[in-house]
Amino acid sequence: QVQLVESGGGLVQAGGSLRLSCASSGRTFGLYAMGWFRQAPGKEREFVAGIAWDGSITYYTDSVRGRFAISRDNAKNTVYLRMNSLKPEDTAVYYCAADRIIYRPMVVGAPAEYEYWGQGTQVTVSS
């Protein structure tokens with residue numbers, strides 16, 4: 001059974017920064033693309049950023065491109081999301097997820113394409 005555990009969320013003022021981490025256990029982390037999603041109250045879960053299994057490809061939703069950076073350390077079975085210039089509209093529960101297809105040569109944004117999910121970490125940005 002795969003386990004994903006997020007950490008690093010919290011309360012930050014607008015313009016501040018946070019780094020989220022997602023540690024994986026239970027399978028070969030380095031074979032799968034990873035994604036970060038978020039869900040605000042009353043809204044659907046949305047794709048934020050993704051990174052290919054080898055880190056060669058990254059992709060971001062338009063609202064975070066240029067402010068957020070996804071990275072991974074396969075030796076540590078961990079994926080990160082660095083969030084800069086945070087805005088109140090970034091407030092949400094952030095989830096990491098593992099792709100369901102091994103060695104997929106691209107990053108996909110549909111939640112249905114991700115097989116395992118963490119429990120989420122709350123990010124709150126005050127104005």
Side-chain angles (χ1 to χ4, degrees):
Q1 183 68 23
V2 176
Q3 287 190 329
L4 300 174
V5 180
E6 302 97 336
S7 61
L11 174 64
V12 64
Q13 289 187 333
S17 298
L18 285 173
R19 189 180 80 158
L20 305 183
S21 299
C22 172
S24 172
S25 63
R27 71 175 190 183
T28 308
F29 173 81
L31 301 183
Y32 299 86
M34 297 293 295
W36 284 98
F37 292 77
R38 66 186 179 187
Q39 188 166 19
K43 295 187 177 181
E44 294 186 353
R45 189 169 298 188
E46 66 168 343
F47 173 82
V48 175
I51 187 166
W53 62 274
D54 61 351
S56 63
I57 301 170
T58 58
Y59 189 76
Y60 302 89
T61 194
D62 288 346
S63 62
V64 308
R65 188 173 292 116
R67 299 189 297 122
F68 290 12
I70 188 171
S71 60
R72 67 188 299 159
D73 185 338
N74 287 348
K76 295 183 178 180
N77 288 354
T78 302
V79 61
Y80 305 97
L81 185 67
R82 177 68 180 180
M83 306 185 295
N84 296 325
S85 302
L86 282 162
K87 304 175 181 180
E89 51 263 44
D90 295 318
T91 295
V93 178
Y94 283 71
Y95 301 88
C96 69
D99 197 334
R100 63 179 183 85
I101 295 178
I102 190 172
Y103 290 138
R104 192 196 301 256
M106 60 189 295
V107 173
V108 293
E113 295 298 320
Y114 290 81
E115 184 173 7
Y116 295 100
W117 294 80
Q119 82 291 346
T121 185
Q122 176 70 47
V123 172
T124 302
V125 184
S126 63
S127 57

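Heavy-atom basis, side chains included; hydrogens, waters and symmetry copies ignored.
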Worksheet entry | Closest non-hydrogen atom pair between D99 and E113, with its separation | OD1-O, 3.1 Å
Worksheet item: If you group Ile, Leu, Val, Met, Phe, Trp and Tyr by side-chain heavy-atom gaps below 4.5 Å, do W36 and L4 land in one group?
Response: yes
Practice prompt. Compare every heavy atom of Y60 with every heavy atom of A69, then report the nearest pair and how far apart it is.
Written response: CA-OH, 3.3 Å
Fill in: Any donor-acceptor pair under 3.5 Å from R82 side chain to S17 backbone
no
Item to complete: Output, in order, the C-alpha distance, side-chain angles, deciding distance and verdict of side chain to side chain contact (heavy atoms under 4.5 Å, CB included) for D73 and Y80.
Response: CA-CA 8 Å; D73 185 338; Y80 305 97; 4.1 Å; yes
Worksheet item: In Å and rounded to the nearest 0.5 Å, what is the OG1 to CZ distance from T58 to R72?
Response: 12.0 Å
Practice prompt. Taking the side chain as every heavy atom from C-beta outward, state whether D90 and M83 have any atom pair closer than 4.5 Å.
Written response: no
Practice prompt. Verify side chain to side chain contact (heavy atoms under 4.5 Å, CB included) between R45 and W117, making sure each step is shown before the conclusion.
Written response: CA-CA 12 Å; R45 189 169 298 188; W117 294 80; 3.2 Å; yes
Discussion item. In the structure I gave you, are the side-chain heavy atoms of R38 and L81 within less than 4.5 Å of one another anywhere?
Written reply: no
Practice prompt. Start with the C-alpha gap between T91 and Q122, add the side-chain angles, then the distance that decides, and say whether side chain to side chain contact (heavy atoms under 4.5 Å, CB included) holds.
Written response: CA-CA 8 Å; T91 295; Q122 176 70 47; 4.0 Å; yes
Practice prompt. Check whether any side-chain N or O of R104 sits under 3.5 Å from a backbone N or O of R100 as a donor-acceptor pair, and report yes or no.
Written response: no
Discussion item. Apply side chain to side chain contact (heavy atoms under 4.5 Å, CB included) to residues Y114 and V108 and explain how you reach the verdict.
Written reply: CA-CA 9 Å; Y114 290 81; V108 293; 3.9 Å; yes
Practice prompt. Please answer: with hydrophobic residues joined when any side-chain heavy atoms are less than 4.5 Å apart, are V64 and L86 in the same cluster?
Written response: yes
Discussion item. Can you tell me which residue among S24, S21, C22 is in a side chain to side chain contact (heavy atoms under 4.5 Å, CB included) with V79?
Written reply: C22
Discussion item. Grouping I, L, V, M, F, W and Y whenever their side-chain heavy atoms are under 4.5 Å apart, do Y59 and M106 come out in a common cluster?
Written reply: yes
Discussion item. Given 3.5 Å as the limit, does a donor-acceptor pair link the side chain of Y95 with the main chain of E6, or not?
Written reply: no
Discussion item. Students often mix this up, so state it plainly: with edges at 30° and 60°, are the rings of Y94 and F68 parallel, tilted or perpendicular?
Written reply: tilted
Item to complete: Look up atom CD1 in I57 and atom CD1 in I70, then write down how far apart they are to the nearest 0.5 Å.
Response: 12.5 Å
Worksheet item: Can you find a pair of side-chain heavy atoms, one from M34 and one from F29, that are under 4.5 Å apart?
Response: yes
Worksheet, complete the sentence: What one should report as the nearest heavy-atom pair of R65 and D62 is NH1-OD1, 2.6 Å
Worksheet item: Quick one: do V107 and L20 end up in the same hydrophobic cluster if we chain Ile, Leu, Val, Met, Phe, Trp and Tyr together by side-chain heavy atoms under 4.5 Å apart?
Response: no
Worksheet item: At their closest point, which heavy atom of F37 faces which heavy atom of G109, and how far apart are they?
Response: CE2-O, 3.4 Å
Worksheet entry | Separation of K87 NZ from S127 OG (nearest 0.5 Å) | 14.0 Å
Practice prompt. Could you tell me the separation between the CH2 atom of W53 and the OG atom of S56, rounded to the nearest 0.5 Å?
Written response: 7.0 Å
Fill in: Separation of D54 CG from L31 CG (nearest 0.5 Å)
11.0 Å
